[in-house]
Protein chains: 2
Amino acid sequence: MKITIKDIARIAGVSTATVSKILNKKDQNISETTRNRVLEIIKKYGYVPNRVASSLVTKRTNTLGLIIPDIVNPFFPELARGAEDKANERGYNLILCNSDNNVQKEEIYVDMLKEKMVDGIIFTASSRRTDKFKKLTSFQVPVITVDREIEGLKTHGIITVNNVKGAYDAVKYLLNRGYKKILHLTGPMTSKPTRDRYEGYCRALIDEGFEIEDCLVCEGDYSSDWGYEGILRALKRDIKFDSVFCGNDLIAIGAIKALKVKGFDIPREVGVIGFDDIYMAKMIDPDLTTIKQPNYEMGYKAAELLIDMIEKKEIKINKYVLDTRLVIRKSTK
Amino acid sequence: MKITIKDIARIAGVSTATVSKILNKKDQNISETTRNRVLEIIKKYGYVPNRVASSLVTKRTNTLGLIIPDIVNPFFPELARGAEDKANERGYNLILCNSDNNVQKEEIYVDMLKEKMVDGIIFTASSRRTDKFKKLTSFQVPVITVDREIEGLKTHGIITVNNVKGAYDAVKYLLNRGYKKILHLTGPMTSKPTRDRYEGYCRALIDEGFEIEDCLVCEGDYSSDWGYEGILRALKRDIKFDSVFCGNDLIAIGAIKALKVKGFDIPREVGVIGFDDIYMAKMIDPDLTTIKQPNYEMGYKAAELLIDMIEKKEIKINKYVLDTRLVIRKSTK
DNA sequence: GTGAAAGCGCTAACAG
DNA sequence: CTGTTAGCGCTTTCAC
């Protein structure tokens, strides 16, 4: 039989109200003596309050939902860690949900989280979301979307990265280093970040007086396999390029692999630049020049904004666009 | 104002008991007609039951705790994913906790999870655990430890990997391929897997008629930095070796990097073998021969065993030792 | 087949 | 400074 607040109250010879007040630090009006006595008894008996009971009355669970496509994708662990750190710091826990970018799974998770009365949700939505999905907007608790803005989906806060500028910086850097024919291996164009990076690519080219050649832009997905495949395909089609701007680091890693297999010297013959700066970027050979995304900070900031909303602190900004940073390593000359 | 079971009952003209029974599929004794009527109303009003209320009475939250050192460490995302998949399959959610291998943080998390009344915990414990830490053993709910057996810590179930055999296989393979001087860059000897891998290393050497040379065994931690550092240090000390058995893939990746910097040809002059088979193992150059650990399966199995315990299914075995597998790639000849 | 009623363990007025 | 009391939203006996 588990020990309850009633037991503590009885043993201490006070009411449950008194114990509750002490537990919740609403004890300005409790005498030093009783407080100490109660605290002692709590300790002695190893009493642990039952939060599900208190949640039922306070309507707060101190739990957040984190919905991401897949924790195995190297992009997400840092984000999750950032969110968890902030949540923990503020006394919240995080429920991890892997949606596989699957709208149906997302909906199921949202329902589960709703039932469990989470105080808020951090959401990295699938790219295939349509506005038929009203569950979130009708959700009673605040929702922060991270990394991907969803058209037609109103959320309570947004954390993104300046993808246009990041891509712009990448391409401009390539151009400045003397590369002239930049192959762009993109992710799926259904996702906003992909389109933004493509936009940055175009703008940099134009600003520097180059033309945009459609054959240099190849759409795929955010995987190493696609990077590998994309290079082989470009080579087969006899497309001329002296550098590759990859939609993310995974693509870049695959691309480098293919390039090496085909005997190209990186960075002399072909330069490669990625996007993300995942952990592995500095471990591969040559280590990867890339655009660092502040993944950890995104998660951290998302949790912070979310908790501020939950706790009704004054919130002026509900959209943060974090900046990327060019990290120069050895895959570009 | 949120809609409750009372509202549904009132609208349907039945009691809350009836609605509850229908909700929980204990409706053998409910007439088809009322059931359909109630279900319809639930749908129409978008009623979502409040699980925290029901948890209070059923003493089940359908929530599990997952305590790992750090989700950013490439070893853990797969484990977490495996656990989450199984949990989800069985209607449970997972609370993610990053302990940083810090006993104090572990204790705090255990307390939080206890307060939130999780139904069970999956625990990858810090290596520095001492038996002063009784919180877990005195814990009311089942605990499964994964990957690391903790001496002096009784848990309800254990999932590990056959580290001795994995290491044995690795070293034997190296020997069979003609390598003779195997440097062993280990993790911290305070951890059981490290010691087990060391044991496998010794056994293989002995079985093949080699001697164990202490100077070939260097203790560090499970990071790429240590792999890099370890190679440089061995070289500086003028230790002769023709291959490296690394405590994990991260160490191997660092080692490969250092070896390449120093101009060694891998695998001809020096062969390298890792342990884990993380995602990046096949992406680096040369791609890494390694011992695959079934990370996903460990998480999956852990969740399965845990949930079986929670739901009191017949449990014969409460310890699973999963097998590793040699994955041959290009970092060995 | 269905419902009344007694809690689950805690908090929050409000009263004293 | 402390206690009384009425729930929070749900499940579960047990009676009808």
Side-chain angles (χ1 to χ4, degrees), chain A residues 1-39 41-42 45-63 91 112 114-119 140-141, chain B residues 1-39 41-42 45-63 111-112 114-119 140-141:
Chain A
M1 191 50 216
K2 211 136 182 221
I3 182 161
T4 75
I5 197 171
K6 259 187 191 157
D7 301 320
I8 298 297
R10 190 171 29 73
I11 295 164
V14 295
S15 73
T16 61
T18 305
V19 179
S20 174
K21 279 171 196 153
I22 292 170
L23 246 21
N24 298 297
K25 317 231 162 295
K26 298 185 174 171
D27 48 358
Q28 325 84 308
N29 296 344
I30 307 275
S31 75
E32 196 72 5
T33 9
T34 43
R35 184 180 35 249
N36 288 147
R37 181 155 39 89
V38 170
L39 252 17
I41 290 170
I42 286 175
Y45 287 81
Y47 165 65
V48 176
N50 180 334
R51 291 289 167 217
V52 356
S54 77
S55 290
L56 185 56
V57 12
T58 60
K59 271 109 180 60
R60 281 289 199 69
T61 54
N62 278 256
T63 303
M112 288 181 97
K114 219 166 174 174
E115 292 190 356
K116 294 215 169 147
M117 304 275 126
V118 296
D119 296 332
Q140 317 281 350
V141 301
Chain B
M1 193 48 216
K2 217 151 175 209
I3 182 162
T4 76
I5 198 173
K6 258 189 192 159
D7 301 320
I8 298 296
R10 191 171 29 74
I11 295 165
V14 295
S15 75
T16 61
T18 305
V19 180
S20 174
K21 280 171 194 152
I22 293 170
L23 246 22
N24 297 299
K25 318 234 163 294
K26 300 189 172 167
D27 47 0
Q28 326 84 307
N29 294 343
I30 306 275
S31 74
E32 195 73 6
T33 9
T34 43
R35 189 187 23 259
N36 288 149
R37 182 154 39 90
V38 169
L39 252 17
I41 290 170
I42 286 175
Y45 287 82
Y47 165 66
V48 176
N50 180 335
R51 291 289 166 216
V52 358
S54 75
S55 291
L56 185 57
V57 12
T58 60
K59 271 106 179 64
R60 283 288 201 66
T61 54
N62 278 256
T63 304
D111 271 337
M112 289 181 97
K114 221 166 173 175
E115 293 190 355
K116 294 214 169 147
M117 305 273 126
V118 295
D119 296 332
Q140 317 282 350
V141 300

[N] OP1/OP2 closer than 4.0 Å to side-chain N/O of [X]:
{"X": "B:Ser31", "N": "C:dT2", "answer": "yes"}
{"X": "B:Ser15", "N": "C:dG3", "answer": "yes"}
{"X": "A:Tyr47", "N": "C:dG9", "answer": "no"}
{"X": "B:Ser54", "N": "D:dC10", "answer": "no"}

Going from CD1 on B:Ile5 to CD1 on B:Ile8, what distance comes out if it is rounded to the nearest 0.5 angstrom?
8.5 Å
Roughly how far apart are B:Leu23 CG and B:Ile42 CD1, rounded to 0.5 Å?
5.0 Å
Residues which pass side chain to side chain contact (heavy atoms under 4.5 Å, CB included) with B:Ile11, listed by chain and number, not counting sequence neighbours
B:Ile41, B:Tyr45
Rounded to whole angstroms, how far apart are [atom1] on [X] and [atom2] on [N]?
{"X": "A:Lys59", "N": "C:dC10", "atom1": "NZ", "atom2": "P", "result": "17 Å"}
{"X": "A:Asp7", "N": "C:dC8", "atom1": "CG", "atom2": "P", "result": "11 Å"}
{"X": "B:Tyr45", "N": "D:dG9", "atom1": "OH", "atom2": "C1'", "result": "19 Å"}
{"X": "A:Ile22", "N": "D:dC1", "atom1": "CD1", "atom2": "P", "result": "12 Å"}
{"X": "B:Leu23", "N": "D:dT11", "atom1": "CG", "atom2": "P", "result": "6 Å"}
{"X": "B:Lys2", "N": "D:dG7", "atom1": "NZ", "atom2": "C1'", "result": "18 Å"}
{"X": "B:Arg51", "N": "D:dC8", "atom1": "CZ", "atom2": "C1'", "result": "17 Å"}
{"X": "A:Met117", "N": "D:dC10", "atom1": "CE", "atom2": "P", "result": "8 Å"}

Candidate nucleotides C:dG9, C:dG3, D:dG9, ranked by approach to the side chain of B:Val14 - the nearest:
C:dG3
Using a 3.5 Å distance criterion without hydrogens, assess whether the side chain of B:Ser20 forms a donor-acceptor pair with backbone atoms of B:Thr16.
no
Between the protein and nucleotides 12-16 of chain D, list every N/O to N/O distance that falls short of 3.5 Å.
{"unit_1": "D:dT12", "atom_1": "OP2", "unit_2": "B:Lys26", "atom_2": "NZ", "d": "2.9"}

Any A:Asn50 side-chain heavy atom under 4.5 Å of B:Leu56 side chain:
yes
Contact between A:Lys59 and B:Lys2 at the side-chain level, heavy atoms closer than 4.5 Å - yes or no?
no
Under a plain distance cut-off of 3.5 Å, with no hydrogens placed, do A:Lys116 and A:Thr63 share a side-chain donor-acceptor pair?
no
Contact class for [X] (heavy atom, under 4.0 Å): base, sugar-phosphate, or nothing?
{"X": "B:Asn29", "answer": "base"}
{"X": "A:Val52", "answer": "nothing"}
{"X": "B:Thr34", "answer": "sugar-phosphate"}

